[in-house]
Amino acid sequence: MNAVTADLVIRNGKVVSPDAVIEASIAIKDGRILAIGADSAMPPAKETFDATGLHILPGAIDDHVHFRDPGYPHKEDWESGTAAAAFGGVTCVFDMPNTIPPTGTAEILAAKHEIAAAKAHIDFGLYGLLGDDTIANVPALVDGGVIGFKLYMGNTFGKIPSPDTGATLECFEVVAATGKRISLHAENNDIMERRQKRLMAAGIRDQFAHLAARPPVVAVEAVSRAAILAEWTGARIHVLHISTADELRPLREAKARGVDITGETCPHYLMLSTEDYTRVPGVIAVNPPVREKHNQEPIWQALLDGSIDVIATDHAPHTPEEKTRNDIWTVDCGFPGVETQMPLMLTEVNAGRMTICDYVRMSAYNPARIWGLYPRKGALLPGSDADIAIVDLSRTHAIRDAETQSRSKISPWDGRAVKGLPIHTLVRGRFVMKDRTLVTETKGWGRSVHTIQKMPKPTVRHAEHSMQSITNARS
Ligand code: NCD
Ligand code: ZN
């Protein structure tokens with residue numbers, strides 16, 4: 001006799017994994033998946049939910065968001081940001097450290113963990129800031145539960161100083177020994193700074209000047225240099241927001257050499273181009289910039305062949321006033337995305353650009369694997385957390401910035417038609433968004449996922465040349 005009673009059985013959906021779509025029911029108990037299979041094989045349940053006609057996806061894991069909390073509550077906070085995520089079928093986010101104060105010490109990290117845990121509807125990981133001033137804090141940040149580190153090779157919103165190559169090498173040496181992954185904003189700061197100064201001095205302040213200050217070589221150089229330093233030290237790195245076709249060569253070559261390097265792109269680099277600049281001036285400004293259309297196809301191909309591992313959003317909310325200033329050098333760069341990534345990408349599934357299995361691979365399975373969360377996260381398997389996006393692939397919808405959960409209310413996606421929409425989102429078995437309505441009582445339900453993270457054993461290389469071993473040997 002089966003004595004177990006499930007808390008919830010989701011019945012008769014189409015369950016999606018990276019390999020297949022199967023007609024199945026899912027039983028959930030204590031926040032985890034108890035069983036998946038034929039509806040007739042499900043245990044008795046306290047509650048059932050009919051998902052006939054709907055697809056059941058592992059919730060998306062967005063490893064690149066800026067929820068601005070603490071520091072910029074007028075742009076976003078943990079409550080509004082995670083509400084937006086819940087509406088977007090996203091069940092776990094990793095928040096970037098360019099908040100105020102930046103997440104560079106164990107004390108600041110602990111405070112941010114508390115803020116997030118009090119407000120979040122969904123699960124989260126917190127990045128620690130890696131730079132010249134925080135190298136010494138790495139062990140304490142790891143003990144404090146960072147999901148990984150963020151290193152700004154180039155300056156962007158928040159004016160976090162970018163470490164020079166010497167400091168970057170030392171950062172990689174120290175983090176390599178911890179096994180954690182380092183996410184990189186891979187843009188060369190020297191080139192950008194010089195070009196921006198020259199353009200400003202020449203009085204050029206239109207939006208194309210932003211693009212001119214950051215030509216593709218800015219990214220190509222940074223990715224190549226980071227790959228060399230990662231190869232030397234054994235550090236694990238993740239190249240954020242790949243925007244150009246040119247970055248793919250150093251990325252692929254490093255992968256072929258066995259460097260533990262992974263890549264990410266975002267919907268705006270796949271679906272927007274310089275042709276959109278005059279339509280949404282300033283609003284579209286983001287670092288790295290949205291580029292010429294010819295970059296889109298190679299980035300799509302890289303995503304489909306696995307060279308780029310992850311689709312994330314760089315959710316970077318700012319207000320309409322901050323986005324529409326006349327002088328491009330004063331416009332805040334970035335725009336929200338955590339709520340619109342899934343509908344935009346499902347629209348591409350409907351258009352035949354990729355399969356829904358491909359989508360699950362890049363939105364959930366791969367991020368869970370590269371961040372050491374698989375199979376607790378990123379999968380619908382017995383024992384996995386019941387983090388689920390229930391989507392209607394045939395539902396059409398028009399994105400309206402005014403109707404989004406994010407506080408930002410301005411993006412280049414306003415008015416865009418999509419087909420394929422998350423209708424319900426569950427985090428550890430609990431509905432956080434149901435029938436396109438936020439379950440407000442789940443505020444504070446989100447938990448930090450660092451407690452379940454298991455990165456593979458560190459693979460340190462050339463340790464004998466590291467600053468730490470040299471200074472240790474002499475003291
Ligand atoms: C981000 C932000 O606003 O915090 N802006 C952006 O243009 N992408 C910072 C970043 O990720 O570079
Ligand atoms: Zn960035």
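Atoms within each ligand, like the ligands themselves, are counted from 1 in listed order.
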Contact region, Val286 to ligand 1, non-hydrogen atoms below 4.0 Å, reads both
Contact region, His185 to ligand 1, non-hydrogen atoms below 4.0 Å, reads side chain
Is Asp305 salt-bridged to Arg252, cutoff N-O under 4.0 Å?
-> yes
Min N/O separation Cys333 to ligand 1 under 3.5 Å | yes
For Asp314, the ligand 1 atoms with a heavy-atom partner under 4.0 Å come out as 6 (C), 8 (N), 11 (O)
Decide yes or no for Ile390 and Thr425: does some side-chain heavy atom of the first lie under 4.5 Å from some side-chain heavy atom of the second?
-> no
Between Asp332 and ligand 1, which part of the residue brings a heavy atom under 4.0 Å of the ligand: side chain, backbone, both or neither?
-> neither
Is it true that Met96 lies under 4.0 Å from ligand 1, counting heavy atoms only?
-> no
His318 ring center near Phe157 ring center (under 6.0 Å) | yes
Closest candidate by heavy atom, reference atom 9 (C) of ligand 1, pool Thr156, Ile160, Val65, Val331 | Thr156
Would you list the atom pairs, donor with acceptor, under 3.5 Å between side chains in residues 268-275 and any protein atom, with sequence neighbours excluded?
unit_1, atom_1, unit_2, atom_2, d
Tyr269, OH, Pro288, O, 2.5
Ser273, OG, Glu275, N, 3.1

The atom of His185 among N, O or S that is nearest the Zn ion (ligand 2) is ND1
Nearest protein heavy atom to atom 1 (C) of ligand 1, by residue and atom, and its distance?
-> His66 NE2, 3.6 Å
Does the gap between the ring centers of His238 and Trp371 come in under 6.0 Å?
-> yes
For Arg68, counting its heavy atoms only, list the atoms of ligand 1 lying under 4.0 Å from any of them.
-> 2 (C), 3 (O), 4 (O)
Please check if the distance between the ring centroids of His64 and His241 is under 6.0 Å.
-> yes
Ring centres of Trp232 and Phe172 under 6.0 Å apart?
-> no
Any Glu292 side-chain heavy atom under 4.5 Å of Leu211 side chain | yes
Using heavy atoms and a threshold below 4.0 Å, how should the contact between Asn287 and ligand 1 be classified: side chain, backbone, both, or neither?
-> both
Which atoms of ligand 1 have any heavy atom of His318 under 4.0 Å away?
-> 3 (O)
For residues 81-88, which side-chain N or O atoms pair as donor and acceptor with protein atoms under 3.5 Å away, sequence neighbours left out?
unit_1, atom_1, unit_2, atom_2, d
Thr82, OG1, Trp78, O, 2.6
Thr82, OG1, Glu79, O, 3.4
Thr82, OG1, His121, N, 3.0

Going by distance only, is there an N or O of Lys150 that falls short of 3.5 Å from an N or O of ligand 1?
-> no
